Amino acid sequence: MGGDPVVGIIMGSASDMPAMEKAGKVLAEAEVAYEIEVMSAHRDPALVTEYCLSARSRGLKVIIAGAGLAAALPGVAAAHTDLPVIGVPLSSSLSAAGGLDAILSIVQMPPGVPVATVGLDNTRNAAHLAVRILGVS
């Protein structure tokens, strides 16, 4: 995608890439420049913190964060930036709750840590929401 990225797509595990790339496809179709990275709120919290703290200064305007199981990534991202964060709960074969655990982890943010949430595995809607936030037609 040409130009400086305005949307950051992050995910907790490389296994999430096929799902999260679908968000990138929607952004590319809307001609919105994006970057896509794997970073875990649990395994490398310092990387997530640095990424989110520097997001605005690097030109990002929206962050899409996909995570399964405990799904901490969207909330951690929102705790470290004032940019809009869109959380995508992802299902996992390791989940005893079929993805409900990820949904609840993302929607139950404390006051002052807002995270928009889309449906389970609905990465495309996350990208469509990012496009609307950006005001791109």
Side-chain angles (χ1 to χ4, degrees):
M1 183 86 260
D4 293 330
V6 294
V7 175
I9 301 173
I10 58 177
M11 68 211 78
S13 172
S15 64
D16 300 330
M17 187 64 79
M20 298 306 289
E21 284 177 330
K22 293 174 185 174
K25 183 176 181 200
V26 170
L27 294 171
E29 289 169 358
E31 299 182 358
V32 172
Y34 68 94
E35 61 188 27
I36 189 163
E37 304 284 340
V38 175
M39 57 188 69
S40 170
H42 296 107
R43 292 182 287 279
D44 199 351
L47 177 62
V48 175
T49 298
E50 176 54 35
Y51 180 88
C52 294
L53 287 174
S54 67
R56 182 177 292 282
S57 67
R58 293 182 296 105
L60 295 184
K61 297 183 184 320
V62 179
I63 295 173
I64 298 172
L69 301 171
L73 185 60
V76 171
H80 290 96
T81 187
D82 61 352
L83 296 175
V85 175
I86 303 167
V88 182
L90 299 173
S91 58
S92 167
S93 61
L94 300 175
S95 171
L100 180 60
D101 47 354
I103 292 169
L104 294 174
S105 293
I106 297 172
V107 300
Q108 296 292 354
M109 291 295 104
V113 186
V115 175
T117 308
V118 296
L120 185 65
D121 296 322
N122 204 333
T123 59
R124 289 182 181 98
N125 265 4
H128 286 297
L129 181 55
V131 168
R132 287 185 180 190
I133 289 169
L134 294 168
V136 177
S137 328

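Everything numeric in this text was worked out from a predicted model, so none of it was measured. All values below were derived from every heavy atom in this structure, side-chain atoms included, with hydrogens, water molecules and symmetry-related copies excluded.
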> State the CG-NE2 distance between N122 and H128, to the nearest 0.5 angstrom.
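If we round to the nearest 0.5 Å, N122:CG and H128:NE2 are 8.5 Å apart.
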> Could you walk me through whether M109 and V115 satisfy the side-chain contact (heavy atoms from CB on, under 4.5 Å) test, starting with their C-alpha distance in whole Å, then the side-chain angles of each, then the deciding distance to 0.1 Å, before giving a yes or no?
CA-CA 7 Å; M109 291 295 104; V115 175; 3.7 Å; yes
> List the atom of A14, the atom of P18, and the distance in Å for their closest heavy-atom pair.
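Result for this residue pair: O-CD, 4.1 Å.
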> For A19, is there any backbone N or O sitting under 3.5 Å from a side-chain donor or acceptor partner on T123?
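Yes: the side chain of T123 pairs with the backbone of A19.
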> To the nearest 0.5 Å, what is the distance between CG on D16 and OG on S40?
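One gets 10.0 Å once the value is rounded to the nearest 0.5 Å.
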> Does one hydrophobic cluster hold both V76 and V88, with members joined at side-chain heavy-atom distances below 4.5 Å?
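They do not share one cluster, since no chain of ILVMFWY contacts under 4.5 Å joins V76 to V88.
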> Which atom pair, heavy atoms only, marks the closest approach of V62 to A130?
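The answer is CG1-CB, 4.0 Å.
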> Give me the atom names and distance for the closest heavy-atom approach of S91 to D121.
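Closest approach of S91 to D121: OG-OD2, 2.7 Å.
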> Quick one: do I86 and I63 satisfy side-chain contact (heavy atoms from CB on, under 4.5 Å)? Show the steps, please.
CA-CA 6 Å; I86 303 167; I63 295 173; over 6 Å; no
> Ignoring hydrogens and angles, tell me if any N or O in the side chain of N125 forms a donor-acceptor pair with the backbone of V118 under 3.5 Å.
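No, because the side chain of N125 does not come within donor-acceptor range (under 3.5 Å) of the backbone of V118.
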> Please determine whether residues L73 and I9 belong to a single hydrophobic cluster, defined as Ile, Leu, Val, Met, Phe, Trp and Tyr linked transitively by side-chain heavy-atom distances below 4.5 Å.
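They do not share one cluster, since no chain of ILVMFWY contacts under 4.5 Å joins L73 to I9.
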> I'd like to know if Y51 and V85 are part of one continuous hydrophobic network [Ile/Leu/Val/Met/Phe/Trp/Tyr, side-chain heavy atoms within less than 4.5 Å].
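Result: yes, single cluster for both.
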> Same cluster or not: are I133 and L60 linked, directly or through other Ile, Leu, Val, Met, Phe, Trp or Tyr residues, by side-chain heavy atoms under 4.5 angstrom apart?
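No, I133 and L60 fall in different hydrophobic clusters.
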> Which heavy atom of P89 sits nearest to which heavy atom of T117, and what is that distance?
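The answer is CD-CG2, 4.0 Å.
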> Keeping R43 on the side-chain end and G12 on the backbone end, is there a donor-acceptor pair under 3.5 Å?
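Confirmed, R43 side chain pairs with G12 backbone.
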> Just verifying a value: how many Å separate R58 CZ and L53 CG, rounded to the nearest 0.5 Å?
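Those atoms lie 10.5 Å apart.
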> Any sub-3.5 Å donor-acceptor pair from T81's side-chain atoms to A78's backbone N or O?
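Here the side-chain-to-backbone pair does not exist.
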> Taking all heavy atoms of L134 and all of K61, pick out the closest pair and write down the distance.
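Heavy atoms only, the tightest pair is CD2-CB, 3.6 Å.
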> When rounded to the nearest 0.5 angstrom, what is the spacing between CE in M17 and CD in E37?
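M17 atom CE to E37 atom CD measures 8.0 Å (nearest 0.5 Å).
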> Quick check for you: to the nearest 0.5 Å, what is the distance between E35 atom CD and D4 atom CG?
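Between atom CD of E35 and atom CG of D4 there are 10.0 Å.
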> Please give me the minimum heavy-atom distance between V32 and V6, naming the atom from each residue.
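Distance-wise, the nearest heavy atoms are CG1-CG2, 3.6 Å.
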> Should D82 and R56 count as side-chain neighbours, where that means a heavy-atom distance under 4.5 Å?
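A side-chain contact under 4.5 Å exists here.
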> Measure the CD1-CE distance between I36 and M11 for me, rounded to the nearest 0.5 Å.
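Atom-to-atom, I36:CD1 and M11:CE are 3.5 Å apart.
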> Determine, using the 4.5 Å side-chain heavy-atom cutoff (strictly less than), whether I10 and V113 are members of one ILVMFWY cluster.
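As far as the 4.5 Å side-chain criterion goes, V113 and I10 are connected within one cluster.
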